[in-house]
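Any value given below was found using the heavy atoms of this structure, including those in side chains, with hydrogens, waters and symmetry copies removed. In this chain, numbering begins with 1 at the start of the sequence shown. As the structure lists them, so they are numbered: ligands from 1, and atoms in each ligand from 1.
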Amino acid sequence: MLEPVVSLVNGVKTQQIDIQNRGMAFGDGVFETMRLTQGHIPLLDLHKARLHVGIKTLGLNYSEAALNKHLAQLFSIINDSNIASGRVKLIVARGQGGQGGQGGQGGQGVNPSPDAGVDVSILLYASQLAAWVQPAVALKTSRVQLPHNVNLAGIKHLNRLDYVLAAQAAMPAENEQVLLLDVANNLIETVHHNVFFIRGSEVITPSLARCGVNGVFKQWLVNSVIPKAGLQLVEREISRVDAEACDACFITNAYSGLTPVTAINGHLFNSCEKLNAITGEINQILGDK
Ligand SMILES: C=C(O[C@@H]1C=C(C(=O)O)C=C[C@H]1N)C(=O)O
């Protein structure tokens, strides 16, 4: 785990949170993992929009003005320092407090009290991008499958235990990422990325209606990049057999962008012209190359 270079909790420079914070106690919150490039965060508006969806779903007592103030404070610290590129993690968790202080189930206080506030914790990890970005990876499926949960599908909430179990079971090598299937045996995503397949002029990505995280980079690709590259986006269920019939595969997230996939459980994929077109478009827009 990389040490944060700057850590703000509700605008105060500290690495401590309240022992009763509900984000820690119950996973009662949402988060964003964002890329910092030359002092700015690409796709920040999309990160904020996804955060907002999660906040609304969880019914957090949220002030957009407070969030913007904390972000401005963070940017001012970044600009005064020599941190140019890295990773920014933003957590919005419900403040402390169980049900009226008396506890809910078994005195554990699962129900939030009406006056439970909101903690906005902003943590900056200044790591070298190159240390995190892999040129290409192989995927390995995990025997631990994602349950369906339509209440939380798409949201990047703090409860990631299915992912922890799946990664533990798969034990990936250094050049591997863990691919998750759901309980209906459809491919969903990797532990840290969304997944895409190219077949002819179609770019196919799993439907996340029942589980999975609606990635910010995925949203940007789907709405802006893929149409520009003249390709057709299809969101649907994908089985392993469907996937193996495809020409190419890649994974995405906001931190590392697009990463080509060389194989899934030993089934090989090549790079293809269409994948190069998408990568070219991304690099041009993000100004990476
Ligand atoms: C919880 C995580 O999940 C992944 C995050 C994204 C994303 O934000 O783009 C996509 C797929 C998820 N499996 C994470 O922090 O990596």
Taking only non-hydrogen atoms of E189 and a 4.0 Å limit, the atoms of ligand 1 in range are 11 (C), 12 (C), 13 (N)
Heavy-atom contacts with V213 under 4.0 Å: which atoms of ligand 1 show up? List them by number with element. 3 (O), 5 (C), 6 (C), 11 (C), 12 (C)
Give a yes or no on whether a salt bridge exists between E237 and R210, defined as a side-chain N under 4.0 angstrom from a carboxylate O. yes
What pair of heavy atoms forms the shortest contact from L275 to A248, and how long is it? CD2-CB, 4.4 Å
Nearest heavy-atom pair of Y255 and M34: which atoms, and what distance? CD1-O, 4.1 Å
Nearest protein heavy-atom contact for atom 5 (C) of ligand 1: which residue, which atom, what distance? K156 NZ, 3.6 Å
Looking only at non-hydrogen atoms, find the nearest pair between V213 and I155 and report the distance. CG2-O, 4.0 Å
Please confirm whether R50 comes under 4.0 Å of ligand 1, counting heavy atoms of the residue only. yes
For atom 16 (O) of ligand 1, the closest protein heavy atom turns out to be H192 ND1, 3.1 Å
Looking only at protein heavy atoms, identify the closest one to atom 9 (O) of ligand 1 and say how far it is in Å. G215 CA, 3.3 Å
E176 meets the salt bridge (charged side-chain N to carboxylate O under 4.0 Å, His left out) criterion, sequence neighbours left out, with none
Among all the protein's non-hydrogen atoms, which is closest to atom 3 (O) of ligand 1, and how far away is it? V191 O, 3.3 Å
Taking the basic N atoms (NZ, or NE/NH1/NH2) and the acidic carboxylate oxygens, is any pair closer than 4.0 Å for R94 and D28? yes
Does R160, backbone or side chain, put an N or O under 3.5 Å from an N or O of ligand 1? no
Residues E32, K89: salt bridge by 4.0 Å N-O rule: no
Check this for me, if you would: do K69 and E64 make a salt bridge, where the nitrogen-to-carboxylate-oxygen distance has to be below 4.0 angstrom? no
Report, in ascending order of atom number, the atoms of ligand 1 lying under 4.0 Å from any heavy atom of N253. 9 (O)
Could you tell me, atom by atom, which parts of ligand 1 come under 4.0 Å of a heavy atom of Y163? 13 (N)
Electrostatic pair D242:R236 at N-O distance under 4.0 angstrom: yes
Please state which protein non-hydrogen atom is closest to atom 13 (N) of ligand 1 and give its distance, to 0.1 Å? T190 O, 2.8 Å
Below 4.0 Å from any atom of ligand 1, is there a heavy atom belonging to F31? yes
Ligand 1 contact on K218 by region, counting heavy-atom pairs under 4.0 Å: neither
